[in-house]
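We use all heavy atoms of the structure for the numbers below, so side chains are in, but hydrogens, waters and symmetry mates are not.
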Amino acid sequence: MTERLEAGGGEDYDPFEAFDDMIGGDVRDPYPDLAAKRSSTPVWQGNLMGTDTLPEGMAPTESFTAFRFEDCSRILRSAKLFSSTGYDSTIGLVMGHMILGMDDPEHRHHRNLVASAFREKALARWETDLIGPICHELIDRFAGRGRAELVRELTFEFPVRVIARLLGLPEEDFAQFQRWSVELIGLGADIERGLAASVSLKNYFAGVVADRRRAPRDDIISDLVTADIDGEKLTDEAIYAFLLLLLPAGAETTYRSSGNLLLLLLTHPDQLAAVEGDRTLVDRAIEEALRLEPPLLMIGRTATTDVELSGVTIPAGADVTVCLGSANHDEERWDDPDVFDIFRAPQQHLAFAFGPHMCLGLHLARLETKVVVNAVLDRLPGLRLDPAADDPHIRGMVFRSPTAVPVLFDS
């Protein structure tokens, strides 16, 4: 049943490095430039993400970018004015017609069919039996060493293992799934590898879905196969599209947000000490890190009609980029928005988007991050950045995270 194809081939090719370099980029601090645009041109005609490397047909013909919180929030709430269907002609090329690229009522029907598996109460049962043990298995590998690199040894591998086990997939496939997932979402970096990964994953999932239809188990694929709302069930193609979206989304954004939080705490030792001494602060630390350094800085919509934003008329059919990173730093909403402060009064941020397309996996992402932070603090006493490390920092213009978080601790 297991598809063993090496998508794109080539043992020397590192899809993670290629993805970061092509799509993530090595931008260390985009926020001063975003603040300047937020002030001078809150709705700017242009696209922050270079489109010259995109495959033919994927680059938008006319682009606008929104920088202020209120405009970004309005776009995300107003699904009738700002459609999500543009994703079908971009990442839809490798993922198929998925809920990310649907508008209502189709979006609402499909989301209702799959949402039950990702509700907070549904996930709670997995924390003790599945999510926690996976995290501790990874920490077991280096807990006695006194030093570790937390991205490659923990945060990078952890979420894809969680997703794979939630789906009920065999552990021997986990490494290949991680590779496929990054090649899939890295479509802009290498379209041929993205398409090959899509085919490999779809072929693999076809066998798993067929098996679950014959004999459902206690996993998310079985939940998708048996989901029924008012007599409606998901087709195999709809399930494949959802799974192709879930794997990279679940692996990519969570590893980045966990790495961001750990590095922020390590570079703010007073707040690290506060969290270590009072674990009720972990939730606040997670939200502040998501606000300050969202793993994804921008998402796209398409204007369905001529619409005005901050005095700028956006024509029907134009591509509209919602700059989540800028919105989360809006000084009209937060005092000292560029400062990491877990004690600030909580307010809604846009790291998980907003409105009808608000991230379906937000509860899972928060739970995974909470498990990682608590496990690290419990098991790695005296945790601190390795002073000999080569300048660990968060980078990226579209996706943001540290490349490495090298640490020392008392073993």
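The closest side-chain donor-acceptor pair between Asn260 and Arg400, if any, does not fall under 3.5 angstrom.
Inter-residue side-chain proximity for Val151 and Thr403 is flagged as unmet; no heavy-atom pair is nearer than 4.5 Å. Counting heavy atoms from C-beta on, the side chains of Val162 and Leu364 come closer than 4.5 Å. Looking at heavy atoms from C-beta onward, His349 lies out of side-chain contact with Glu288 at the 4.5 angstrom threshold. The shortest side-chain heavy-atom distance between Glu293 and Leu263 does not fall under the 4.5 Å cut-off. Side chains of Arg366 and Glu287 form a contact here, defined as non-hydrogen atoms less than 4.5 Å apart. Side-chain contact between Trp44 and Val312 is absent, with no heavy atoms from C-beta onward closer than 4.5 Å. A heavy-atom distance below 4.5 Å is not found between the side chains of Thr254 and Ile163. Residues Val405 and Leu385 meet the side-chain proximity criterion, which asks for heavy atoms closer than 4.5 Å.
Ionic pairing of Asp378 and Arg279 is present here: one or more N-O contacts between side-chain nitrogen and carboxylate oxygen are shorter than 4.0 angstrom. Taking 4.0 Å as the cut-off between side-chain N and carboxylate O, Asp219 and Arg212 count as a salt-bridged pair. For the pair Glu153 and Arg141, the salt-bridge criterion is not met [side-chain N within less than 4.0 Å of a carboxylate O]. In summary, Arg384 and Asp410 engage in a salt bridge, as defined by a charged side-chain N under 4.0 Å from a carboxylate O. Under 4.0 Å is where a charged nitrogen must lie from a carboxylate oxygen, and between Glu157 and Arg161 at least one such pair does.
Counting only residues at least two apart or in different chains, ring-ring contact (aromatic ring centres under 6.0 Å, His included) contacts with residues 318-339 comprise Tyr31-His329, Phe69-Trp334.
Phe352 pairs by the ring pair (Phe, Tyr, Trp, His ring centres under 6.0 Å) definition with nothing, not counting sequence neighbours. Taking Asp278 as the reference, Thr280 meet the side-chain hydrogen bond (donor to acceptor under 3.5 Å, both in side chains) condition, with sequence neighbours excluded. Remark: Asp270 pairs with no residue by the side-chain hydrogen bond (donor to acceptor under 3.5 Å, both in side chains) rule, at least two apart or across chains. For the ring pair (Phe, Tyr, Trp, His ring centres under 6.0 Å) test, no residue two or more places apart in sequence or in another chain qualifies with His363. Under the salt bridge (charged side-chain N to carboxylate O under 4.0 Å, His left out) criterion, Glu331 pairs with Arg38, not counting sequence neighbours.
Once rounded to the nearest 0.5 Å, the distance linking CG of Asp71 with CD of Glu308 reads 10.0 Å. Atoms CG and OG1, from Leu234 and Thr226 in turn, are 9.5 Å apart once rounded to the nearest 0.5 Å. To the nearest 0.5 Å, atom CG of residue Leu243 and atom CG of residue Leu201 are 9.5 Å apart. Between the CG atom in Leu380 and the CG atom in Leu408 there is a gap of 11.0 Å [rounded to 0.5 Å].
Heavy-atom contacts from other residues, nucleotides or ligands closer than 6.0 Å to NZ of Lys370 number 12 or fewer.
For the ring-ring contact (aromatic ring centres under 6.0 Å, His included) with Tyr255, the qualifying choice from Phe158, Phe156, Phe399 is Phe156, the only one to do so.
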